[in-house]
Amino acid sequence: MKLTDKEKRMLNGEMGFPVQKGMQIMAALGESFGAEKMLEVNNVHMPGASIVVAGEAGTRFVEEMYDKGGRFCAFTTTNPGAIDIDNWRELGIDEEDAKMQMRLTSAYEKMGAVICGTCTPYFLGNVPRKGEHVAWGESSAIAFVNSVLGARTNREGGPSALAAALTGRVPAYGFHLDENRRGKILVKVESKINGATEYGTLGYYVGSRTKQDIPVFEGIPQNASIDELKSLGAALASSGAVALFHVVGVTPEAHTLEEAFGGNKPELELKFGLKEKEDTVELLTKSKSSDVDWVILGCPHTSIREFHDIAKSLRGRKIHSGVEFWVCTALPVKAMAERMGYVEEIVNAGGKVVCDTCPVLLPARKLAQKKNLNSVTTNSAKMAFLIQGQHGLLSRYGNLEQIVEAAVKGMWR
Ligand code: F3S
């Protein structure tokens, strides 16, 4: 792998231990994927920002990087942690977990990260341009930045994103290269799809069949919203490992079907009709009980437009006593929702607006036991899938109207 003089100095330790460690990680990654050179990056979205992922060992490693002089040279935002920084006690998070999370968050902050604690940093102004090389972690954010914004990232994990932030470099392989961004599988969307939940249903179905391959969607309306596309990407990246998708006539590298496939023929064709839609919805509901106890909205984190819809659907209604109703979001989006009165409407109805975290990235099993919560009811295909796989809580899946109805009655029909 060809390194510049500056990169060689980084690797030799001339710029300190953290930079050397970071460059060792990047060089090893580059060698194993056959990269010919490094690319400069000035934009990192940091996964591994939760103690549920990093654990004590990961937290100590990040602290060590700071203690030994590590400072980020790339603009860096952080993924959700395990606590709402301002309201963790009210949510029932243990002090011991909160303390460890604060150590990890503090180390990232002191190295120069913007602590935004969200999987939707693109709602807060971290919006890389088309063709820009970046180093992002968090599967839903990766799918969004590659597909909807047209920037270029591989699926960075905690150590490689940390290395990119310290060195400002990523190896040139995978989705950074034109030849790896072309579609492989054609998906004909034959059923009408409407709303973020249905886009999630589509994404879950397709992701479970394409695995890592790049799907190209034909038949998605030209006016698909940003929230619908974020939901599509999040679900594709959870049932599969999709990091890039194209929607003909909608996403920036797919003005035409031919452009999306780079002139190649699809290796496989899938169709998504009414039957596929209904079967997928059924698959995502695992709980047999009709009792609703924990409702989770905001996966990926709630946008201001979604806040508007949630507040409207709760207007004049009260959430059933005993139902935990969470709307997860980023702090600046909450501030805007407060100004618009949406937060007040949600809280008055009996809900909670939760920032900086997500139920998959906090100790959800422990919290559920403490609060006697047995299942999760959600409008997110990603949440329905992960909360069960990672925390053992059974899911119920439906659209916003169904969820609000169930939250008010305390019962799922
Ligand atoms: Fe975001 Fe958590 Fe969902 S990180 S995409 S809210 S699982």
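Small disclaimer: the values here were computed from a predicted structure and weren't measured. Numbers here simply count residues along the sequence, with the first being 1. Values below: all heavy atoms of this structure, side chains included; hydrogens, waters and symmetry mates excluded.
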Between [X] and [Y], do the side chains contain an N or O donor and an N or O acceptor separated by less than 3.5 Å?
X      : Y      : value
Gln101 : Thr105 : yes
Glu138 : Ser140 : yes
Thr280 : Tyr397 : no
Thr357 : Asp84  : no
Asn43  : Asn126 : yes

Are [X] and [Y] packed together at the side-chain level, in the sense that at least one heavy-atom pair is separated by less than 4.5 angstrom?
X      : Y      : result
Tyr342 : Ile304 : yes
Tyr205 : Leu283 : no
Asn87  : Val354 : no
Leu202 : Val189 : yes
Leu166 : Phe72  : yes
His320 : Val408 : no
Thr377 : Ile296 : no
Glu7   : Arg169 : yes

- prompt: Going by the ring pair (Phe, Tyr, Trp, His ring centres under 6.0 Å) test, which pairs reach into residues 7-53, not counting sequence neighbours?
  reply: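 Listed by first then second residue: Phe33-Tyr173, His45-Trp136.
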
Any Lys/Arg nitrogen of [X] or [Y] sitting under 4.0 Å from an Asp/Glu carboxylate oxygen of the other?
X      : Y      : answer
Lys366 : Asp97  : yes
Arg317 : Glu405 : yes
Lys230 : Glu306 : yes

Taking atom [atom1] of [X] as the centre, report whether more than 12 heavy atoms of other residues, nucleotides or ligands fall under 6.0 Å from it.
X      : atom1 : answer
Glu36  : CD    : no
Met336 : CE    : no
Glu64  : CD    : yes
Gln390 : CD    : yes
Lys370 : NZ    : yes
Arg305 : CZ    : no

Checking the side chain of [X] only, and the main-chain atoms of [Y] only, is there a donor and an acceptor separated by less than 3.5 Å?
X      : Y      : result
Arg209 : Tyr204 : no
Ser160 : Gly157 : yes
Asn379 : Asn399 : no

Spatial distance of atom [atom1] ([X]) from atom [atom2] ([Y]) [nearest 0.5 Å]:
X      : Y      : atom1 : atom2 : value
Arg396 : Ser375 : CZ    : OG    : 3.5 Å
Asp356 : Asp86  : CG    : CG    : 6.5 Å
Thr201 : Asp279 : OG1   : CG    : 11.5 Å
Cys116 : Phe123 : SG    : CZ    : 12.5 Å
Asp213 : Ile185 : CG    : CD1   : 4.5 Å

- request: Run the numbers on Leu362 and Ile93 for side chain to side chain contact (heavy atoms under 4.5 Å, CB included), then give the verdict.
  value: CA-CA 8 Å; Leu362 57 73; Ile93 306 281; 4.1 Å; yes

Under the side-chain contact (heavy atoms from CB on, under 4.5 Å) test, which residues partner [X], sequence neighbours left out?
X      : answer
Ala260 : Val216, His246, Ala254
Ala49  : Thr78, Asn79, Tyr108
Glu269 : Leu186, Lys188
Glu56  : Arg60, Met100, Arg103

task: Check step by step if salt bridge (Lys or Arg N to Asp or Glu O under 4.0 Å) holds for Arg152 and Asp178.
output: CA-CA 10 Å; Arg152 298 180 170 212; Asp178 288 346; 2.8 Å; yes

message: Holding to side chain to side chain donor-acceptor pair (under 3.5 Å), I want the full list of residues that pass it with Arg315, two or more places apart in sequence or in another chain.
response: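 Arg315: side chain to side chain donor-acceptor pair (under 3.5 Å) contacts with Glu345.
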
message: With side-chain hydrogen bond (donor to acceptor under 3.5 Å, both in side chains) as the rule and sequence neighbours excluded, what pairs involving residues 112-124 come up?
response: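 Residue pairs passing side-chain hydrogen bond (donor to acceptor under 3.5 Å, both in side chains), neighbours aside: Thr118-Thr120, Thr118-His301.
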
Identified side chain to side chain contact (heavy atoms under 4.5 Å, CB included) partner of Lys382 from the options Pro300, Ser239, Ser139: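 Going through Pro300, Ser239, Ser139 one by one, the side chain to side chain contact (heavy atoms under 4.5 Å, CB included) with Lys382 is satisfied by Ser139 alone.
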
message: Which residues pass the salt bridge (charged side-chain N to carboxylate O under 4.0 Å, His left out) test with Lys334, not counting sequence neighbours?
response: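 Salt bridge (charged side-chain N to carboxylate O under 4.0 Å, His left out) list for Lys334, sorted by chain: empty.
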
- prompt: Under the salt bridge (charged side-chain N to carboxylate O under 4.0 Å, His left out) test, which residues partner Lys352, sequence neighbours left out?
  reply: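 Expected list: Glu324.
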
- request: Quick one: which residue pairs count as a salt bridge (charged side-chain N to carboxylate O under 4.0 Å, His left out) with a foot in residues 8-33, not counting sequence neighbours?
  value: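 Residue pairs with at least one partner in residues 8-33: Arg9-Glu14.
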
query: Can you pull the salt bridge (charged side-chain N to carboxylate O under 4.0 Å, His left out) pairs that have at least one residue in residues 113-133, sequence neighbours excluded?
result: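 Matches after skipping sequence neighbours: none remain.
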
query: Taking only residues two or more places apart in sequence or in another chain, which ones pass ring-ring contact (aromatic ring centres under 6.0 Å, His included) with His133?
result: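 Here the qualifying residues are His176.
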
